[in-house]
Amino acid sequence: MSDTASLDDRIAAMECPVDHTILDPAIQDDPYDFYGEVHAKCPVMPLPEVGGVLVTKYDDVRFVLTRPDLFSSSGRGSGARKGLQVENSRKYRAIIKERGWGHVETLQRCDPPEHTGYRRLVGKAFLPKQIRAIQPQVADISRELIDGLMPPSGEIGECEFNLDYAMPLPGTIIAEQLGLPRSEIHTFNKWAHALLALSMKPLTEEEVLATAEIELEAQHHLARVFEERRAEPADDLISALVHAHEGEDDVEPLSVAELQNLMHQLITGGFETTTSALNHGMWLLTRRPDIQARLRKDLSLVPAFIEESLRYESPVQGLFRTATQDVVVGDVTIPQGALVMVRYAAANRDADVFDDADDFDLDRSGDAKHLAFGVGPHFCVGAALARQELVTGFTHWLERTSNIELARPFDGPIHDPSFILFPMRELPLSFTAA
């Protein structure tokens, strides 16, 4: 029996009374009843469709995330041989390698000690002192965006919050941090969607080809920027990465492929995750006018609101690891080579850790920390920046309005299908200017 067959057989042999899957787009749109059922019946759930398992309990998720020796972030060695459009993925990577720069593994896609070096380089831009330094810039961008949407005091305004604010705020900030023009954030947002497309949902062959063209457009544009910064460095993150080797003994310059992969992660992280957090927090306020009222009376509660919102509807629902050896998680042996889908959002709704886990509680104790930003060596490098953007954004909206509501009911699914993220399709708002 081949290694692949052995892995598939071992996963198929796992018993689980849950007869539906996180791979169902309807469950991805509203996963929380599913998470509750899996917690009760099958907390480490086999996913034979992809040659892997789903890990959902808080303590188990923490264990996986803090043991990179047992659960690798590298895609190399994964036992997944089917599902998740493997053949299309191979075609896609072949196109990118032939006409651009092939995918290499950096930062969140590799393990210590390689990960440590990349994180040290990128992390300099996200230190607390750096975030404090750009706080006025974050505030100015937020006010500028809201000014363009706000009617005179006492009048009703409307916006599509997702495209009018939730995307432009973090998108503009990450673009300016990288050293890219803010006038092109819609292009960068298009790139971010394309760079994540293979991990979001099954694609047709035509969609694979179209998506590859967008990534190639991004790669060649960024390659020109790298060369410009080599010749004339600026005060931005791209320049810092291009020149990171200087003054270091026995350190080679980052290759163009490495730089491309770092940009891939910074652009997608900068656009997609904070956008989702802004959208879900604002959607929550439309559903909970009592929370709106409390926050308006006491804006010092905004940070607590944000932390509970991140727990309640985590922007990153889950990410993948690969088991490097047979590992017991809970009472289940995960086979070596299995793909492990670590479900942050399910861990954050674990009733064994969070009292009334499916309730939004502004006064929730902070003793049990949510895992929306992960934990361990791959804890989100941009967490401090995301928190600053969220605090600034919600504070400004609450100061500038006296009421926020949905402008109309949602028509169809609320979220775009995604294996790993939680992207809202739209968020039409109606609000009264203060």
Backbone of [Y] reached by a side-chain donor or acceptor of [X] within 3.5 Å:
X: S153; Y: A434; answer: yes
X: H193; Y: E272; answer: no
X: T56; Y: P43; answer: yes
X: T392; Y: E389; answer: no
X: H220; Y: G100; answer: no
X: D236; Y: S239; answer: yes
X: E258; Y: S255; answer: yes
X: E160; Y: L163; answer: yes
X: R311; Y: A345; answer: no

Sub-6.0 Å ring centroid separation between [X] and [Y]:
X: F271; Y: W191; result: no
X: F161; Y: W283; result: no
X: F373; Y: Y344; result: no

Could [X] and [Y] be called an ion pair, given the rule that one side-chain N must be under 4.0 Å from one carboxylate O?
X: E307; Y: R364; answer: no
X: E313; Y: R287; answer: yes
X: D140; Y: R143; answer: yes
X: R400; Y: D147; answer: yes
X: E426; Y: R408; answer: yes
X: R230; Y: E227; answer: yes

Distance-only polar pair, side chains of [X] and [Y], donor-acceptor under 3.5 Å:
X: Q260; Y: H103; result: no
X: Y92; Y: E207; result: no
X: D290; Y: Q292; result: no
X: T395; Y: E399; result: no
X: S276; Y: H280; result: yes
X: D29; Y: H415; result: yes
X: D24; Y: Q28; result: no
X: H264; Y: E215; result: no
X: E105; Y: S74; result: yes
X: Q108; Y: Y118; result: no
X: H243; Y: E246; result: yes
X: S72; Y: R321; result: no
X: T401; Y: R296; result: yes

Worksheet item: Under the criterion side-chain hydrogen bond (donor to acceptor under 3.5 Å, both in side chains), which of E114, Q265, R119 is the partner of T106?
Response: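 With T106 as partner, E114, Q265, R119 yield a single side-chain hydrogen bond (donor to acceptor under 3.5 Å, both in side chains), made by Q265.
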State the [atom1]-[atom2] distance between [X] and [Y], to the nearest 0.5 angstrom.
X: L310; Y: N348; atom1: CG; atom2: CG; value: 9.0 Å
X: F188; Y: L266; atom1: CZ; atom2: CG; value: 13.0 Å
X: M424; Y: L427; atom1: CE; atom2: CG; value: 4.5 Å
X: S309; Y: R288; atom1: OG; atom2: CZ; value: 11.5 Å
X: D111; Y: L70; atom1: CG; atom2: CG; value: 11.0 Å

Worksheet item: Going through the checks in order, is the salt bridge (charged side-chain N to carboxylate O under 4.0 Å, His left out) test met by K57 and D59?
Response: CA-CA 6 Å; K57 295 289 283 182; D59 288 342; over 6 Å; no
Worksheet item: Between F320 and I420, is a side chain to side chain contact (heavy atoms under 4.5 Å, CB included) present by the stated rule, with each step listed?
Response: CA-CA 8 Å; F320 296 105; I420 61 173; 3.6 Å; yes
Worksheet item: Could you walk me through whether F305 and R294 pass the side chain to side chain contact (heavy atoms under 4.5 Å, CB included) check?
Response: CA-CA 10 Å; F305 165 77; R294 280 191 67 187; over 6 Å; no
Worksheet item: Does the ring of F410 carry R425 above it, NZ/CZ under 6.0 angstrom from centre and within 45° of its axis?
Response: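 Pair R425/F410 does not count as cation-pi.
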Worksheet entry | Within 45° cone of Y312 ring axis and under 6.0 Å: R349 NZ or CZ |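 Yes, R349 sits over the ring of Y312.
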Item to complete: Evaluate side chain to side chain contact (heavy atoms under 4.5 Å, CB included) for I141 paired with E176, printing each intermediate quantity in order.
Response: CA-CA 11 Å; I141 294 168; E176 294 193 345; 4.0 Å; yes
Discussion item. For D363, is the CG atom crowded, meaning more than 12 foreign heavy atoms sit under 6.0 Å from it?
Written reply: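 Yes, because the 6.0 Å sphere around CG of D363 holds more than 12 heavy atoms from other groups.
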Worksheet entry | D235, CG atom: more than 12 neighbouring heavy atoms under 6.0 Å |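 Not more than 12 within 6.0 Å, no.
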Item to complete: Would you sort out whether L203 and K201 count as a side chain to side chain contact (heavy atoms under 4.5 Å, CB included), showing the intermediate values?
Response: CA-CA 6 Å; L203 301 180; K201 65 177 183 178; 4.2 Å; yes
